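Report on the structure given below.
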2 protein chains.
Amino acid sequence: MNDNCTVYRTMGFLSKKWTLLIILELYRGGDTWKRFSEIKRSMKDITPKILSERLRNLEEEGVIERRVDTATVPIRSEYRLTEMGRELTEVAKGIKTWALKWKINNPVCASQDCIVCVL
Amino acid sequence: MNDNCTVYRTMGFLSKKWTLLIILELYRGGDTWKRFSEIKRSMKDITPKILSERLRNLEEEGVIERRVDTATVPIRSEYRLTEMGRELTEVAKGIKTWALKWKINNPVCASQDCIVCVL
DNA sequence: CGGTATCCTTTCGGATACTG
DNA sequence: CAGTATCCGAAAGGATACCG
């Protein structure tokens with residue numbers, strides 16, 4: 001196998017814990033920019049270290065973009081999906097469709113409205 | 001986040017190293033049963049431990065099915081995709097489509113015909 | 001042939017504290 | 001506010017050897 005395979009690399013970063021959830025969180029707001037603390041607050045239990053890592057990774061991949069307003073104090077730094085990132089949510093929906101078709105008997109999933117499945 | 005979320009769990013096992021490749025290897029042959037050693041040989045560098053783990057995991061998930069012929073010596077044990085597994089290859093294609101659209105400039109990917117991307 | 005068992009290294013993610 | 005630095009434990013994966 002080739003670790004540089006594009007498909008594999010995509011699976012690789014998509015599957016890291018929290019990543020999909022971050023993408024979906026940015027997707028939920030439409031085209032609005034979201035702040036670090038805002039994203040963090042919406043995802044109970046993520047630590048700043050991990051959130052920071054994921055955001056940087058997604059930015060490197062081109063899935064999200066970042067803008068910083070250094071003029072204000074405190075600093076505002078904001079994120080949103082790129083077009084590339086918005087299309088990636090379609091992939092997430094493909095997985096969701098498959099999962100809900102074949103795994104709907106998963107009792108935990110069926111009994112609640114988790115942010116991922118509700119998308 | 002909920003670790004029991006069906007979508008997340010799907011990402012979880014799909015993204016384990018080798019898993020996608022195993023699914024694609026079984027897909028390539030159509031509906032034929034493939035043997036352990038055959039799969040192993042087609043995936044250079046996978047160790048029997050990992051292949052064994054993945055195959056059992058995929059069987060538990062219902063993505064592949066296994067049959068054993070204990071009458072013959074040596075034993076023949078064979079695997080193939082279930083209908084559920086065949087539909088999962090469509091998800092893989094969705095990822096591939098996204099990846100090739102947005103990441104085609106990945107030089108390693110563009111310069112060769114890896115088994116995943118050629119599918 | 002089709003795996004297990006054991007060991008070992010690497011990677012990942014969480015907790016906590018700190019800073020420009 | 002938006003992170004970074006440091007430390008730690010858990011988990012994943014690879015190497016190798018062995019077995020019915």
Side-chain angles (χ1 to χ4, degrees), chain A residues 1-5 8-23 25-26 32-61 64-80, chain B residues 1-5 8-23 25-26 32-61 64-80:
Chain A
M1 189 193 67
N2 169 21
D3 286 334
N4 284 312
C5 166
Y8 251 87
R9 289 168 54 110
T10 301
M11 290 304 295
F13 78 79
L14 261 192
S15 67
K16 280 188 202 291
K17 196 167 176 183
W18 302 108
T19 296
L20 192 54
L21 212 51
I22 292 169
I23 292 173
E25 179 60 27
L26 292 176
T32 65
W33 294 85
K34 298 220 173 157
R35 303 176 63 173
F36 187 90
S37 52
E38 207 176 340
I39 299 168
K40 184 172 183 321
R41 215 176 317 114
S42 74
M43 270 175 279
K44 254 192 110 25
D45 298 335
I46 195 173
T47 62
K49 177 196 166 195
I50 299 297
L51 180 53
S52 173
E53 274 181 24
R54 293 298 178 274
L55 288 172
R56 233 178 313 111
N57 187 214
L58 288 171
E59 194 187 356
E60 283 166 16
E61 293 288 351
I64 67 175
E65 53 186 335
R66 176 176 180 245
R67 73 172 180 195
V68 188
D69 183 356
T70 47
T72 62
V73 177
I75 292 169
R76 277 171 170 279
S77 130
E78 300 173 307
Y79 303 85
R80 72 171 177 189
Chain B
M1 189 192 68
N2 170 20
D3 287 333
N4 285 310
C5 166
Y8 251 86
R9 290 167 53 110
T10 300
M11 290 302 296
F13 78 80
L14 262 192
S15 66
K16 280 188 202 291
K17 196 167 176 184
W18 302 107
T19 295
L20 193 54
L21 211 51
I22 292 169
I23 292 173
E25 180 59 28
L26 291 177
T32 64
W33 294 86
K34 298 221 174 156
R35 304 176 64 171
F36 187 91
S37 52
E38 207 174 342
I39 300 168
K40 183 170 183 321
R41 215 174 319 115
S42 73
M43 270 175 280
K44 253 194 107 31
D45 298 336
I46 195 171
T47 62
K49 177 197 167 194
I50 299 297
L51 180 54
S52 173
E53 272 181 26
R54 294 297 179 275
L55 289 172
R56 236 179 310 112
N57 187 215
L58 288 171
E59 194 186 359
E60 282 165 18
E61 293 287 351
I64 67 174
E65 53 186 335
R66 175 177 181 244
R67 74 173 181 194
V68 188
D69 184 356
T70 46
T72 61
V73 176
I75 291 168
R76 277 171 170 278
S77 127
E78 299 174 305
Y79 304 84
R80 73 170 177 190

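Just so it is clear: chains get the letters A, B, ... in the order the sequence lines come, proteins before strands, and each one is counted from 1. Remember, predicted model here, so these are calculated numbers, not experimental data.
- When the P atom of C/dG2 is taken as reference, atom NZ of B/Lys34 falls 14 Å away, rounded to whole Å.
- You'll find the side chain of A/Leu55 reaches within 4.5 Å of the side chain of A/Phe36, heavy atoms only.
- Between C/dG2 and B/Arg35, a contact under 4.0 Å exists linking OP1 or OP2 to a side-chain N or O.
- Rounded to a whole Å, the CG atom of A/Leu51 is 14 Å from the P atom of C/dA15.
- The distance from atom CD1 of A/Ile64 to atom NZ of A/Lys34, rounded to the nearest 0.5 Å, is 12.5 Å.
- In this structure A/Asn57 satisfies the side-chain contact (heavy atoms from CB on, under 4.5 Å) test together with A/Phe13, A/Lys16, A/Glu60, A/Glu61, sequence neighbours excluded.
- Separating the CD atom of A/Glu59 from the P atom of D/dA2 is a distance of 15 Å, rounded to the nearest angstrom.
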Would you give a per-nucleotide map of nucleotides 4-16 of chain D, 5' to 3', where B means the base has a protein non-hydrogen atom under 4.0 Å away, S means only the sugar-phosphate does, and - means neither?
BBBB-----BBB-

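- Taking atom CG of A/Leu58 as the reference point, atom P of D/dG3 lies 13 Å away to the nearest angstrom.
- Put simply, the side chain of A/Ile39 does not reach to within 4.5 Å of the side chain of A/Ile46, judged on heavy atoms.
- B/Arg54 contributes atom CZ, which lies 9.0 Å from atom NZ of B/Lys49 (distance to the nearest 0.5 angstrom).
- Distances shown here put a side-chain N or O of B/Arg66 below 4.0 Å from the OP1 or OP2 atom of C/dG3.
- Spacing between atom CD1 of A/Ile64 and atom C1' of D/dA2 amounts to 14 Å, rounded to whole angstrom units.
- Although no hydrogens or angles enter the test, the distance criterion places a donor-acceptor pair under 3.5 Å between the side chain of A/Tyr8 and the main chain of B/Leu21.
- In terms of phosphate contacts, B/Ser77 brings a side-chain nitrogen or oxygen within less than 4.0 Å of OP1 or OP2 of C/dG3.
- Computed from coordinates, the B/Leu55 CG to C/dC1 P distance equals 16 Å when rounded to whole Å.
- Panel note: side chain A/Lys17, backbone A/Ile50; no donor-acceptor pair is recorded below 3.5 Å.
- When the C1' atoms of four end pairs are superposed on the next four at each end of the helix from C/dC1-D/dG20 to C/dG20-D/dC1, using five pairs per end, the two resulting axes differ in direction by 50°, to 10°.
- Across the protein-nucleic acid pair, B/Ile75 atom CD1 and C/dC1 atom P stand 12 Å apart, rounded to whole Å.
- Atom C1' of nucleotide C/dC1 and atom NZ of B/Lys40 are separated by 12 Å, given to the nearest angstrom.
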Please lay out, stage by stage, how A/Arg66 and A/Tyr79 fare under the test side chain to side chain contact (heavy atoms under 4.5 Å, CB included).
CA-CA 5 Å; A/Arg66 176 176 180 245; A/Tyr79 303 85; 3.3 Å; yes

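- In this structure, the side chains of B/Trp33 and B/Arg80 come closer than 4.5 Å at one or more pairs of heavy atoms.
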